[in-house]
Amino acid sequence: LPDPYGVEMVRVRSAAEMLQAVTGRFPASEALLMAAAVSDYRPESLADQKIKRAGQVQQFNLVQNPDILQSVGSLKKHQVVVGFAAETGNLVAEASRKLKKKNLDLIVANDVSAPDSGFAVDTNEVTLVARGEAPLKLPLLTKEEVAERILDWVAARLNGVKQGSVFV
């Protein structure tokens with residue numbers, strides 16, 4: 001896809017590069033929406049050459065990638081920080097835990113096991129879990145409509161407005 005108009009594109013190839021790119025730009029930001037996560041794990045080492053088929057089971061060790069959102073949350077001063085949680089159970093409880101642990105203002109919790117939500121469909125039924133507010137379950141919406149609701153929430157927060165049911 002072509003780069004979106006007016007957007008600075010920073011291309012990275014690893015979680016470490018993404019962490020550096022995000023944390024380097026974060027202090028000058030007003031808001032950060034981390035809509036995509038890198039893998040939680042990566043191979044411990046990379047092969048210099050193709051790993052040829054040997055007719056036996058191969059084992060690879062995995063190590064944790066850095067948690068970019070948690071790293072950024074620890075740097076937060078005035079910024080509004082939004083994260084996303086793709087979950088398959090205990091939606092609000094898990095989102096609330098991540099909200100606190102990562103020092104977020106809002107986390108968008110998505111039950112990816114629901115038939116009309118998740119990765120392979122154009123709709124989502126999300127719950128907005130915000131610091132100091134009751135969880136707000138949105139109805140089934142297109143992903144574009146969900147994005148609009150999230151941006152409305154961020155815009156209101158940047159303007160000093162406390163949210164509520166106005167965003168339903």
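Index from 1, following the sequence.
In terms of modelled atom types and a separation under 3.5 Å, the side chain of Ser39 and the main chain of Tyr41 share a donor-acceptor contact. No donor-acceptor pair under 3.5 Å is formed between the side chain of Arg42 and the backbone N or O of Leu62. Side-chain N or O atoms of Gln79 include one that pairs as donor or acceptor with a backbone N or O of Lys77 at under 3.5 Å. Side chain of Ser74 to backbone of Ser71: a donor-acceptor contact under 3.5 angstrom is found. Proximity of a side-chain donor or acceptor of Thr142 to a complementary backbone N or O of Glu145 within less than 3.5 Å is detected. Side-chain N or O atoms of Lys143 include one that pairs as donor or acceptor with a backbone N or O of Val121 at under 3.5 Å. In this structure a side-chain-to-backbone donor-acceptor pair under 3.5 Å is missing from Asn124 to Ser117. In this structure, Glu94 contributes its side chain and Asn90 its backbone to no donor-acceptor pair below 3.5 Å.
Side-chain heavy atoms closer than 4.5 Å link hydrophobic residues (I, L, V, M, F, W, Y) into clusters, and following such links, possibly through other members, connects Leu33 to Leu136. Two different hydrophobic clusters hold Val146 and Leu91 under the rule that ILVMFWY side chains link at heavy-atom gaps under 4.5 Å.
By the 4.5 Å heavy-atom criterion applied to side chains, Val38 and Ile68 are counted as neighbours.
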Please assess Asp3 against Arg11 for the test side chain to side chain contact (heavy atoms under 4.5 Å, CB included), listing each intermediate value before the final yes or no. CA-CA 11 Å; Asp3 293 348; Arg11 303 208 185 277; 2.5 Å; yes

Stepwise side chain to side chain contact (heavy atoms under 4.5 Å, CB included) test for Arg13 and Met18: CA-CA 8 Å; Arg13 296 192 59 168; Met18 183 178 279; over 6 Å; no

After noting the C-alpha distance and the side-chain angles of Leu69 and Leu104, does the key distance pass the side chain to side chain contact (heavy atoms under 4.5 Å, CB included) rule? CA-CA 9 Å; Leu69 189 54; Leu104 307 178; 3.7 Å; yes

Decide side chain to side chain contact (heavy atoms under 4.5 Å, CB included) for Val108 and Ile150; before the verdict, give the C-alpha distance in whole Å, the side-chain angles of both, and the deciding distance to 0.1 Å. CA-CA 8 Å; Val108 181; Ile150 295 165; 3.6 Å; yes

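Taken to the nearest 0.5 Å, the CG atom of Leu19 stands 9.5 Å off from the CG atom of Asp67. Here the CE atom belonging to Met34 is positioned 10.5 Å from the CZ atom belonging to Phe84, to the nearest 0.5 angstrom. Within the model, atoms CZ of Arg97 and CD1 of Ile107 stand 9.0 Å from one another, a figure rounded to the nearest 0.5 Å. Note: Trp153 CH2 to Leu128 CG = 8.5 Å, rounded to the nearest 0.5 Å. Between the NZ atom of Lys76 and the NZ atom of Lys102 there is a distance of 14.0 Å, given to the nearest 0.5 Å. Distance CG/Leu151 to CG/Leu158: 10.5 Å, rounded to 0.5 Å.
Comment: Lys137 engages Glu125 in a salt bridge, judged by a side-chain N to carboxylate O separation of less than 4.0 angstrom. With respect to the salt-bridge test (charged N to carboxylate O, under 4.0 angstrom), the residues Arg157 and Glu133 qualify. For the pair Lys98 and Glu87, the salt-bridge criterion is met [side-chain N within less than 4.0 Å of a carboxylate O].
When each of Val10, Val12, Leu32, Leu75 is paired with Val22, the side chain to side chain contact (heavy atoms under 4.5 Å, CB included) condition holds for Leu32 and for no other.
Counting all heavy atoms, side chain and backbone alike, Ser29 lies closest to His78 at O-NE2, 3.2 Å. When all heavy atoms of Pro66 and Ala15 are compared, the closest pair comes out as CD-CB, 3.9 Å. Scanning all heavy atoms of the two residues, the minimum distance from Val129 to Leu99 falls at O-CD1, 3.6 Å. Residues Val92 and Pro135 share a closest heavy-atom pair of CG1-CG, 3.7 Å. Across all their heavy atoms, Ala54 and Gln58 have their closest contact at CB-NE2, 4.2 Å. Heavy-atom minimum distance, Val80 versus Asp105: CA-OD2, 3.2 Å.
Counting heavy atoms of neighbouring residues, nucleotides and ligands inside a 6.0 Å radius, atom CG of Asp122 does not exceed 12 of them.
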